[in-house]
Student: 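Just passing along the structure, written as structure tokens.
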There are 2 protein chains.
Amino acid sequence: MNTQSHTKSTSRSLPIALLRARETVMAPVRDMLQGIQITEQKWRILRVLDELGEVEQSTIANEACLLLPSLTRILRTMEADGQVTRRQDSRDKRRTMVMITDAGREILKVNLATSLAISNSIEAQMGREKLDKLLDLLDELQAIKV
Amino acid sequence: MNTQSHTKSTSRSLPIALLRARETVMAPVRDMLQGIQITEQKWRILRVLDELGEVEQSTIANEACLLLPSLTRILRTMEADGQVTRRQDSRDKRRTMVMITDAGREILKVNLATSLAISNSIEAQMGREKLDKLLDLLDELQAIKV
DNA sequence: CCTTTATAGTTAACATGTTTATTAAAATGA
DNA sequence: TCATTTTAATAAACATGTTAACTATAAAGG
């Protein structure tokens, strides 16, 4: 008898189930992004910036679910590659405001159709209702305090 | 109007929802593991090995949702730290068979109560029914082909 | 004011994620 | 049986994840 015979087996483990589900969803997205030398993280950042406009880095970190140290590095290369601009906030000099560039928006534009096709494929296979239910449950899970 | 005004906003993005939910679930697990110098990945590997016995690396990778190159590195340090043993399979010399050691099992044993408490806390807040529903939906999502 | 505390971001160090290439061994098939 | 293909694992290179320590600035409280 193993150590975790009193615990739930890994087959119904929530962390692993979340990881597996994410792999399934992200696989085609990564395929899409690989052709244009953009990582999954940079894609999320571009989407957040396109949606929210000029925001500080902490906001990006929160929205795109990235830690600040990672974000610092990623934005450095994105700025060097001309996908975003950064400037110090004049009122609060601790803050760095980040904005998407035309080149950054172009990346979103070019991949919009593929991105939509992926979403639609998932919805077609899962069904809109189940997908909504899943998103609701994930929201609820994310909101709890353990 | 932004580029993705025709797309779903990041707020109902499945990839980010999965990521956020995972962060919530893993935060207390990481707290638990940090005290004993074990990463989340090593914890998953120990659980899989305890559950399945001696298995080849590909099986671990599949069960613990890790890529083989990562696993190669992680097992190297786990073997050095005496948490697992590795041996070449005699029939198929390509395979490496991995087994948990007593020291590895001890790590599971020591953290069993905390691990259970975390699971119970999540279940208490979400409810068993919703949690099962969520696991079902995640299983279903993971099974689709995009 | 001035000290204390909190916040935004960066840096450093190490672990893992991810892709591509490579090696060795096993399976396939003419 | 031998060339071809597939599989298991590793290596290398670069990006990100994660924690701890640190800097600069702002906010709070006396």
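Keep in mind that what you see is a predicted model, and the values were worked out from it rather than measured.
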Student: Which whole-number value in Å describes the distance from A/E23 CD to C/dT16 P?
Tutor: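 Result: 16 Å.
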Student: Between P on D/dA9 and CG on B/L75, what's the gap in Å once rounded to a whole number?
Tutor: 10 Å
Student: Select base, sugar-phosphate, or nothing to describe what A/S70 touches, counting heavy atoms under 4.0 Å on all strands.
Tutor: base
Student: Under 3.5 Å, side-chain donor or acceptor atoms of residues 124-131 of chain A against the rest of the protein: list the pairs with distances, not counting sequence neighbours.
Tutor:
| residue | atom | partner | partner atom | Å |
| --- | --- | --- | --- | --- |
| A/Q125 | OE1 | B/K145 | N | 3.3 |
| A/Q125 | NE2 | A/S121 | O | 3.4 |
| A/Q125 | NE2 | A/S121 | OG | 3.2 |
| A/Q125 | NE2 | B/K145 | O | 2.8 |
| A/R128 | NE | A/D132 | OD2 | 3.4 |
| A/R128 | NH1 | A/E123 | OE1 | 2.9 |
| A/R128 | NH2 | A/D132 | OD1 | 3.0 |
| A/K130 | NZ | B/E140 | OE1 | 3.3 |
| A/K130 | NZ | B/E140 | OE2 | 2.7 |

Student: Is a donor-acceptor contact shorter than 3.5 angstrom present between the side chain of B/R30 and the base of D/dG17?
Tutor: no
Student: Between atom CE in A/M32 and atom P in C/dT18, what is the gap in whole Å?
Tutor: 16 Å
Student: Respond yes when some side-chain nitrogen or oxygen of A/Q41 is under 4.0 Å from OP1 or OP2 of C/dG17, and no when none is.
Tutor: no
Student: Specify the separation, in whole Å, of atom CG of A/N62 and atom P of C/dA8.
Tutor: 11 Å
Student: Write down the distance between CD1 (A/I38) and P (C/dT18), rounded to a whole number of angstrom.
Tutor: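 That distance rounds to 16 Å.
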Student: Between D/dA15 atom P and A/M78 atom CE, what is the distance in whole Å?
Tutor: 13 Å
Student: Report the residues that fulfil side-chain contact (heavy atoms from CB on, under 4.5 Å) with A/K93, sequence neighbours left out, ordered by chain and then residue number.
Tutor: A/Q88
Student: With the sugar-phosphate defined as primed atoms, P, OP1 and OP2, and the base as all remaining atoms, what B/S/- string results for nucleotides 20-27 of chain C, 5' to 3', for protein heavy atoms under 4.0 Å?
Tutor: S----BS-
Student: Could you check how far CG of B/D31 sits from P of D/dT18, rounded to whole Å?
Tutor: 12 Å
Student: Considering all heavy atoms of both residues, which atom of B/T101 and which atom of B/G82 are nearest to each other, and what is their separation?
Tutor: OG1-O, 2.7 Å
Student: Need the bend value for the helix from C/dC1-D/dG30 to C/dA30-D/dT1: angle between end axes, 5 pairs each end, nearest 10°.
Tutor: 30°
Student: Could you tell me the separation between the CG atom of A/D81 and the C1' atom of D/dC14, rounded to a whole number of Å?
Tutor: 14 Å
Student: Could you go through B/I16 and A/R44, starting from their C-alpha distance and side-chain angles, then the distance that decides it, and tell me whether this counts as side chain to side chain contact (heavy atoms under 4.5 Å, CB included)?
Tutor: CA-CA 9 Å; B/I16 291 186; A/R44 287 208 304 273; 3.6 Å; yes
Student: Closest-nucleotide mapping onto DNA chain D: is B/R76 or A/I74 further toward the 5' terminus? I mean the 5' end.
Tutor: B/R76
Student: Please compare A/T59 and B/T39 by the position of their nearest nucleotide in DNA chain C and report the one closer to 5'.
Tutor: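 Nearest-nucleotide comparison on DNA chain C picks A/T59.
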Student: Could you check B/T96 against A/L66 and say which one's nearest nucleotide on DNA chain D is further toward the 5' end?
Tutor: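 It is B/T96 whose nearest nucleotide is closer to the 5' end.
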Student: Select from A/Q57 and A/E40 the residue whose nearest nucleotide in DNA chain C is closer to the 5' end of that strand.
Tutor: A/Q57
Student: Would you please name every residue forming a side-chain contact (heavy atoms from CB on, under 4.5 Å) with B/R87, sequence neighbours left out?
Tutor: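 B/R87: side-chain contact (heavy atoms from CB on, under 4.5 Å) contacts with B/E54, B/M97.
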Student: If you apply the rule side chain to side chain contact (heavy atoms under 4.5 Å, CB included), what do you find for A/T114 with A/V29, and how did you get there?
Tutor: CA-CA 9 Å; A/T114 307; A/V29 177; over 6 Å; no
Student: Does a nitrogen or oxygen in the side chain of A/R73 sit under 4.0 Å from OP1 or OP2 of D/dC14?
Tutor: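 So the side-chain polar atoms of A/R73 never come under 4.0 Å of the phosphate oxygens OP1 or OP2 of D/dC14.
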Student: So do B/L14 and B/L141 actually touch side chain to side chain, heavy atoms under 4.5 Å?
Tutor: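 In contact.
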Student: Just checking A/L71: base, sugar-phosphate only, or nothing, at a heavy-atom cut-off of under 4.0 Å?
Tutor: nothing
Student: Sequence neighbours excluded, which residues qualify as salt bridge (charged side-chain N to carboxylate O under 4.0 Å, His left out) partners of B/R95?
Tutor: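 Applying salt bridge (charged side-chain N to carboxylate O under 4.0 Å, His left out) to B/R95 gives B/E56, B/D92.
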Student: To the side chain of A/R86, which of C/dG9, C/dT10, D/dT18 is closest?
Tutor: C/dT10
Student: Using 4.0 Å as the upper bound for N to carboxylate O, is an ion pair formed by B/D50 and B/R47?
Tutor: no
Student: Between A/R12 and B/D136, does any NZ, NE, NH1 or NH2 come within less than 4.0 Å of an OD or OE carboxylate oxygen?
Tutor: yes
